[in-house]
Student: 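Before I ask anything, here is the structure I am working with.
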Protein chains: 2
Amino acid sequence: MARIKIEKNSSRKEVIVSKAAALFREKGFKAASMRDLAESVGVEAASLYNHIKSKTELLHEICFGVANRFMHKMDEVESGSNSAIEKVEQLIRFHIDEMVNHYEEVYVSDREWKHLADPYLSNFQTQRRMYRKRFAAIIEDGIRNKEIKKIDAPTAVLILLHAIGGIESWHRSTQKINASNLTDNMITILVGGLELK
Amino acid sequence: MARIKIEKNSSRKEVIVSKAAALFREKGFKAASMRDLAESVGVEAASLYNHIKSKTELLHEICFGVANRFMHKMDEVESGSNSAIEKVEQLIRFHIDEMVNHYEEVYVSDREWKHLADPYLSNFQTQRRMYRKRFAAIIEDGIRNKEIKKIDAPTAVLILLHAIGGIESWHRSTQKINASNLTDNMITILVGGLELK
DNA sequence: ATTATTTGCTAACACCCGTTAGTATATTAT
DNA sequence: ATAATATACTAACGGGTGTTAGCAAATAAT
């Protein structure tokens with residue numbers, strides 16, 4: 001009867017949530033079964049329920065964990081006194097950093113939130129909408145200050161977020177060493193564009 | 001005993017595939033049941049099997065339908081004699097057009113291909129990899145010709161594709177009338193960048 | 001009109017799912 | 001050492017899944 005091994009400063013529940021994130025990323029929330037998860041944790045399926053309430057709770061934990069980190073960063077960036085372009089760059093760098101260091105959770109939060117149950121679902125959607133609005137407001141500031149081109153700000157936000165969120169491949173194929181390399185690359189493309197002027 | 005209604009030039013199977021695409025987009029492949037699909041088609045679940053072999057076959061049809069259209073367009077663009085930037089713009093416009101006119105299929109092909117079964121899965125992945133390689137080659141041509149900035153071409157491709165593929169919202173919220181408006185907006189941002197020089 | 005084919009139906013199958021009840025064992029507190 | 005708590009196990013539940021068999025009705029072909 002082998003217990004779930006825990007590192008110090010982490011509960012057994014946190015171990016389960018972490019393994020769940022990896023599994024949900026690999027198979028998708030619906031396709032990943034509690035028996036799959038149990039096997040990956042090294043325990044029988046029923047035993048998981050000593051630590052968690054339900055499968056959906058795992059998705060809550062993952063999605064709102066990520067959402068909260070992004071919200072806090074947005075607070076920080078907004079209250080700073082940088083230019084709009086600098087703020088955009090700060091946010092892009094944060095998104096990429098999150099993608100590198102919390103890949104599974106961010107990925108799942110991005111792609112699997114549809115399977116949240118109400119009231120969590122609408123709560124999550126609201127937070128998402130808020131975040132995008134605040135991001136767009138920064139861009140609109142930049143347009144007003146003539147730092148940024150006259151473009152549709154909400155569209156720009158969607159482009160930025162999805163461009164970053166879509167980078168699945170290089171997490172696996174590339175080492176973290178040249179992550180900063182790729183970050184610069186992305187910012188060059190997204191802020192500066194493709195065209196050589 | 002009401003039959004599945006068909007428009008002229010379309011088989012009953014095509015009707016089912018089309019409804020399946022809408023359902024898979026809304027709920028995800030795994031979460032969408034054959035009984036859900038049957039209801040949306042207006043028939044009992046078992047009746048579907050007079051027209052299709054399996055649930056997975058529906059996913060095959062959707063994914064490879066989309067993949068083939070993209071491959072043909074790539075053939076066309078490659079063999080043209082435009083500049084690299086123009087070729088990139090052609091491809092971006094095609095992607096957006098596909099997103100507008102075949103939204104459900106493109107979305108499902110993008111997000112649900114993981115649930116394909118081998119050998120279709122690896123086949124699909126190979127096609128996908130090929131497409132991206134060919135896209136990257138165009139960008140590298142542009143870099144050599146000094147049309148395009150010195151950037152990492154594969155990264156640029158991922159950014160472009162995901163930026164476009166991520167635009168879920170405006171299909172619902174916006175009419176097709178200003179789709180061309182948004183297309184221009186996207187090309188401005190992606191080709192020209194955010195920054196006002 | 002008769003036959004053949006297509007398409008639908010009902011019923012059921014074997015299987016996988018998330019979850020609970022009840023119990024045994026390991027760890028922690030007294 | 002003893003009691004209390006936390007954690008794991010086995011067994012099983014009700015329900016949903018994709019799919020098949022067998023049959024009825026509608027359409028198409030002769």
Side-chain angles (χ1 to χ4, degrees), chain A residues 1-21 23-24 26-63 108 112 114-118 120-121, chain B residues 1-21 23-24 26-63 108 112 114-118 120-121:
Chain A
M1 211 192 273
R3 292 196 145 198
I4 298 173
K5 285 173 194 166
I6 56 175
E7 325 275 314
K8 104 183 146 167
N9 291 341
S10 84
S11 66
R12 283 185 172 78
K13 179 170 177 176
E14 281 166 337
V15 173
I16 295 174
V17 170
S18 168
K19 293 276 187 184
L23 201 69
F24 293 169
E26 191 195 333
K27 299 195 165 195
F29 176 75
K30 270 286 177 180
S33 77
M34 293 304 279
R35 287 166 178 87
D36 288 339
L37 177 56
E39 188 180 358
S40 131
V41 171
V43 97
E44 290 301 315
S47 308
L48 297 170
Y49 288 84
N50 287 316
H51 306 282
I52 60 161
K53 284 208 303 285
S54 66
K55 186 187 183 186
T56 324
E57 192 204 3
L58 292 169
L59 195 57
H60 302 164
E61 297 275 343
I62 293 166
C63 290
V108 169
E112 304 291 329
K114 277 188 189 183
H115 299 103
L116 285 169
D118 261 326
Y120 296 94
L121 177 59
Chain B
M1 212 191 272
R3 292 195 147 199
I4 299 174
K5 286 172 194 166
I6 55 175
E7 326 275 314
K8 101 183 149 166
N9 290 340
S10 84
S11 67
R12 285 186 169 76
K13 179 168 176 176
E14 282 166 335
V15 173
I16 295 174
V17 171
S18 168
K19 293 277 187 185
L23 201 69
F24 294 169
E26 190 195 334
K27 299 196 166 195
F29 175 75
K30 269 287 174 180
S33 78
M34 294 303 280
R35 286 165 180 87
D36 288 340
L37 176 57
E39 189 181 356
S40 131
V41 172
V43 99
E44 290 300 315
S47 308
L48 297 170
Y49 288 84
N50 286 318
H51 306 281
I52 60 162
K53 284 208 304 285
S54 66
K55 186 186 182 186
T56 324
E57 193 205 0
L58 293 169
L59 196 56
H60 302 164
E61 296 277 344
I62 294 166
C63 290
V108 169
E112 304 291 332
K114 278 187 186 183
H115 299 103
L116 285 169
D118 261 327
Y120 297 93
L121 177 59

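Throughout, protein chains are lettered first and strands after them, A, B, ... in sequence-line order, and every chain is numbered starting at 1.
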Student: Only one of Val17(A), Ile52(A), Ile16(A) forms a side-chain contact (heavy atoms from CB on, under 4.5 Å) with Glu57(A), so which one is it?
Tutor: Ile52(A)
Student: Expressed in angstrom and rounded to an integer, what is the separation of Asp36(A) atom CG from dG18(C) atom C1'?
Tutor: 13 Å
Student: Please evaluate the base of dG16(D) for a donor-acceptor partner in the side chain of Arg35(B) within a cut-off of under 3.5 Å?
Tutor: no
Student: Rounded to the nearest Å, what distance is computed from the CG atom of residue Leu23(A) to the C1' atom of nucleotide dG18(C)?
Tutor: 15 Å
Student: Closest nucleotide of DNA chain C for Asn50(A) versus for Met34(A): which of these residues is on the 5' side?
Tutor: Met34(A)
Student: In whole Å, I'd like the distance from the CZ atom of Arg3(B) to the P atom of dT5(C).
Tutor: 15 Å
Student: Look at the side chain of Glu61(B) and the backbone N and O of Leu58(B), then say whether any donor-acceptor pair between them is shorter than 3.5 Å.
Tutor: no
Student: Quickly work out the Lys55(B) NZ to dC15(C) C1' distance and round it to whole Å.
Tutor: 15 Å
Student: Looking at Glu14(A) and Ser11(A), would you say the former's side chain and the latter's main chain have a donor-acceptor pair under 3.5 Å?
Tutor: yes
Student: What is the nucleic acid contact for Ala31(B), judged by heavy atoms within less than 4.0 Å: base, sugar-phosphate only, or nothing?
Tutor: nothing
Student: Using only side-chain N and O atoms of Ser47(B), determine if any of them is under 4.0 Å from OP1 or OP2 of dT7(C).
Tutor: no
Student: Compare side-chain N and O positions of His51(B) against OP1 and OP2 of dG8(C) and report whether any pair is under 4.0 Å apart.
Tutor: yes
Student: For the side chain of Lys55(B) and the backbone of Phe29(B), is there at least one donor-acceptor N/O pair under 3.5 Å apart?
Tutor: yes
Student: Assess the residue pair Lys27(A) and Lys30(B) against the criterion (side-chain contact (heavy atoms from CB on, under 4.5 Å)); give the C-alpha distance rounded to whole Å, side-chain angles, the decisive distance to 0.1 Å, and a yes or no.
Tutor: CA-CA 10 Å; Lys27(A) 299 195 165 195; Lys30(B) 269 287 174 180; over 6 Å; no
Student: Between atom CG in Leu37(A) and atom P in dT19(C), what is the gap in whole Å?
Tutor: 11 Å
Student: Nearest-Å distance, CZ (Arg12(A)) to P (dA26(C))?
Tutor: 14 Å
Student: Separation of Lys30(B) atom NZ from dT17(D) atom C1', in whole Å?
Tutor: 9 Å
Student: Would you please confirm or rule out a distance under 4.0 Å between OP1 or OP2 of dT17(D) and any side-chain N or O of Ser33(B)?
Tutor: yes
Student: Would you classify Ala32(B) as touching base, sugar-phosphate or nothing, given that sugar-phosphate means primed atoms plus P, OP1 and OP2, and contacts are heavy atoms under 4.0 Å?
Tutor: sugar-phosphate
Student: Take atom CD of Glu44(A) and atom P of dA12(D), then tell me their distance rounded to the nearest Å.
Tutor: 15 Å
